[in-house]
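Following this message is one structure expressed as structure tokens.
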Amino acid sequence: MIELKHLNKSYGSNAVLKDINLKINDGEVVVIIGPSGSGKSTLLRCLNLLEQPTSGEVLVNGQSVSGKIKPEIVRKTRENIGMVFQHFNLFPHYTVLNNIIHAPMVVKKQSKEQAVEKAKELLQKVDLVNKIDAYPSSLSGGQEQRIAIARALAMEPDTLLFDEPTSALDPEMVEEVLEVMKGLTKTGMTMVVVTHEMGFARQVGDRVIFVNDGKILEDDTPEKVFNSPKNPRTQDFLSKIL
Ligand code: ADP
Ligand code: MG
């Protein structure tokens, strides 16, 4: 379980996150929506300790992992919380296989054999076994993103964070990536997904969180947030994207 308590994050005088209180329970699929610049990416980066809060706390399984924390604990925590980005961020000079086995071998000290075996299993999961020796530049955006998901899964994280994973894709490729993500929700993986895909949110989200100007304005079931939001700002936002 990951918990944010009274978390604030500022860049200089720019207060980006304001008194964020949030619990992500094991196995939950939490969808985060909100306008551009509202702090969604910053919130994800606080969850996996890529950013340190200006004040407040990040707790993982009840243990504080913010403030003055041993680098060892930060490293372990990050290993357990994977991240998938809008722009895939695959290593362009590595084949698909090497993209997937790199971190497990370097960070988890897996043998090459072990890492390759796992990679093949994951390539099956994202239906790209035939691309094992391909370079990212030869893949479509949808394929690249499925590889990026396989790469994140190779670290065997408890939690996966997705930052607008389909926003950079051509429309016809969105569905194949969402299908892989939907498959993951059935494995019991804890997922936090920033997305504008409301169909996905409704279909597989346990909770939807609406972030506006650095504050959480809604945190409820998809049905409540979409059909009877508490805050007029939510209605306004939804009317623009739906
Ligand atoms: P969103 O993902 O909702 O579009 P972000 O979290 O990326 O929003 O950004 C929220 C605000 O924080 C923006 O005003 C942005 O300019 C600012 N910001 C984000 N990252 C940084 C950074 N590393 N340094 C300075 N300002 C940043
Ligand atoms: Mg963002």
Side-chain angles (χ1 to χ4, degrees), residues 2-24 29-58 65-67 69 74 77-78 81-90 141-142 144-145 148-149 151-152 159-171 173-174 177-178 181 190-201 205 207-220 222 225-226 229-242:
I2 313 175
E3 195 173 357
L4 303 179
K5 274 190 182 167
H6 299 294
L7 183 139
N8 290 280
K9 176 70 185 175
S10 302
Y11 295 107
S13 61
N14 185 13
V16 173
L17 295 176
K18 304 163 189 170
D19 197 30
I20 297 286
N21 293 287
L22 176 63
K23 264 188 201 172
I24 314 282
V29 178
V30 176
V31 174
I32 300 179
I33 61 173
S36 178
S38 59
K40 305 180 299 297
S41 295
T42 306
L43 179 56
L44 283 191
R45 290 203 304 274
C46 286
L47 285 175
N48 80 341
L49 316 185
L50 283 173
E51 294 282 0
Q52 275 290 335
T54 308
S55 66
E57 261 192 306
V58 183
V65 291
S66 50
I69 293 299
V74 172
T77 306
R78 276 209 203 120
I81 306 177
M83 184 127 162
V84 174
F85 302 90
Q86 183 175 355
H87 292 290
F88 331 131
N89 299 2
L90 296 176
E144 278 192 271
Q145 191 59 299
I149 294 172
R151 181 179 62 173
T159 303
L160 262 191
L161 312 177
F162 294 82
D163 197 355
E164 301 200 34
T166 60
S167 294
L169 299 177
D170 290 333
M173 291 166 190
V174 168
V177 171
L178 292 179
M181 292 167 65
T190 308
M191 291 166 67
V192 183
V193 184
V194 175
T195 188
H196 299 294
E197 293 294 330
M198 298 301 136
F200 176 87
R207 271 156 65 205
V208 172
I209 287 170
F210 175 58
V211 178
N212 190 67
D213 191 23
K215 294 187 206 115
I216 292 179
L217 298 190
E218 311 276 345
D219 178 352
D220 216 323
V225 172
F226 292 131
K230 292 192 204 106
N231 197 295
R233 298 292 321 231
T234 317
Q235 197 91 62
D236 185 49
F237 174 75
L238 290 174
S239 71
K240 282 178 187 137
I241 58 161
L242 287 178

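We count ligands from 1, going down the list as the structure has it; atoms in each ligand are counted the same way.
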**Item:** Main-chain N/O of His196 paired to Glu164 side chain as donor or acceptor, under 3.5 Å
**Value:**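 No: the side chain of Glu164 does not pair with the backbone of His196.
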**Message:** Applying side-chain contact (heavy atoms from CB on, under 4.5 Å) to Ile20 and Lys9, what does each step give before you reach the verdict?
**Reply:** CA-CA 9 Å; Ile20 297 286; Lys9 176 70 185 175; over 6 Å; no
**Asked** Hey, which atoms in ligand 1 end up nearer than 4.0 Å to a heavy atom of Pro35?
**Response** 3 (O)
**Asked** Is any side-chain N of the basic residue among Lys18 and Asp213 closer than 4.0 Å to the acidic one's carboxylate O?
**Response** yes
**Item:** atom 4 (O) of ligand 1: nearest protein contact (heavy atom, Å)
**Value:**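 Answer, as residue, atom name and distance: Gly37 N, 2.7 Å.
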**Prompt:** Of all the atoms in Ser41, is at least one N, O or S atom closer to the Mg ion (ligand 2) than 2.8 Å?
**Reply:**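 Under 2.8 Å: Ser41 contacts the Mg ion (ligand 2) through an N, O or S atom.
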**Message:** Using modelled atom types and a 3.5 Å cut-off, is there a donor and acceptor pairing between side-chain atoms of Asn14 and backbone atoms of Val16?
**Reply:** no
**Message:** Any nitrogen or oxygen of Glu51, side chain or backbone, less than 3.5 Å from one on ligand 1?
**Reply:**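 There is no such contact.
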**Message:** Distance check, rounded to the nearest 0.5 Å: Leu50 atom CG versus Arg78 atom CZ?
**Reply:**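 Output value for this atom pair is 5.0 Å.
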**Message:** With a cutoff of 4.0 Å, is Gly34 in contact with ligand 1, counting heavy atoms of the residue only?
**Reply:** no
**Asked** Just heavy atoms, cut-off under 4.0 Å: does Val16 contact ligand 1 by side chain, backbone, both, or neither?
**Response**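 Just the side chain.
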**Message:** Between Arg207 and Asp219, does any side-chain N to carboxylate O distance fall below 4.0 Å?
**Reply:** yes
**Asked** Thr54 and Asn8: side-chain hydrogen bond (donor to acceptor under 3.5 Å, both in side chains), yes or no, with the steps?
**Response** CA-CA 6 Å; Thr54 308; Asn8 290 280; over 6 Å; no
**Leu7/Leu22 under side-chain contact (heavy atoms from CB on, under 4.5 Å): CA gap, chis, key distance, verdict** = CA-CA 9 Å; Leu7 183 139; Leu22 176 63; over 6 Å; no
**Prompt:** Which bit of Val211 gets closer than 4.0 Å to ligand 1, counting heavy atoms only: side chain, backbone, both or neither?
**Reply:** neither
**Request:** Go through ligand 1 atom by atom and flag the ones less than 4.0 Å from a non-hydrogen atom of Ser36.
**Result:** 4 (O)
**Prompt:** Nearest heavy-atom pair of Asn89 and Arg151: which atoms, and what distance?
**Reply:**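 Taking Asn89 first and Arg151 second, the nearest heavy atoms are O-NH2, 3.0 Å.
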**Message:** Checking contacts here: is it the side chain or the backbone of Arg45 that comes within 4.0 Å of ligand 1, counting heavy atoms only? Could be both or neither.
**Reply:**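 For Arg45, only side-chain atoms sit under 4.0 Å from ligand 1.
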**Item:** Protein residue, atom and distance nearest to atom 23 (N) of ligand 1, heavy-atom basis
**Value:** Tyr11 CE2, 3.6 Å
**Message:** Could you check whether atom 15 (C) of ligand 1 has a protein contact, counting only heavy atoms that fall below 4.0 angstrom?
**Reply:** no
**Message:** Strictly inside 4.0 angstrom of atom 6 (O) of ligand 1, do you find any protein heavy atom?
**Reply:**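 Protein heavy atoms within 4.0 Å of atom 6 (O) of ligand 1 - there is at least one.
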**Item:** Protein residue, atom and distance nearest to atom 8 (O) of ligand 1, heavy-atom basis
**Value:**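 Checked against all protein heavy atoms, atom 8 (O) of ligand 1 sits closest to Gly39 N, 3.2 Å.
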**Prompt:** What atoms in ligand 1 come closer than 4.0 Å to a heavy atom of Thr42?
**Reply:**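 The list of qualifying atoms is 5 (P), 6 (O), 9 (O), 19 (C).
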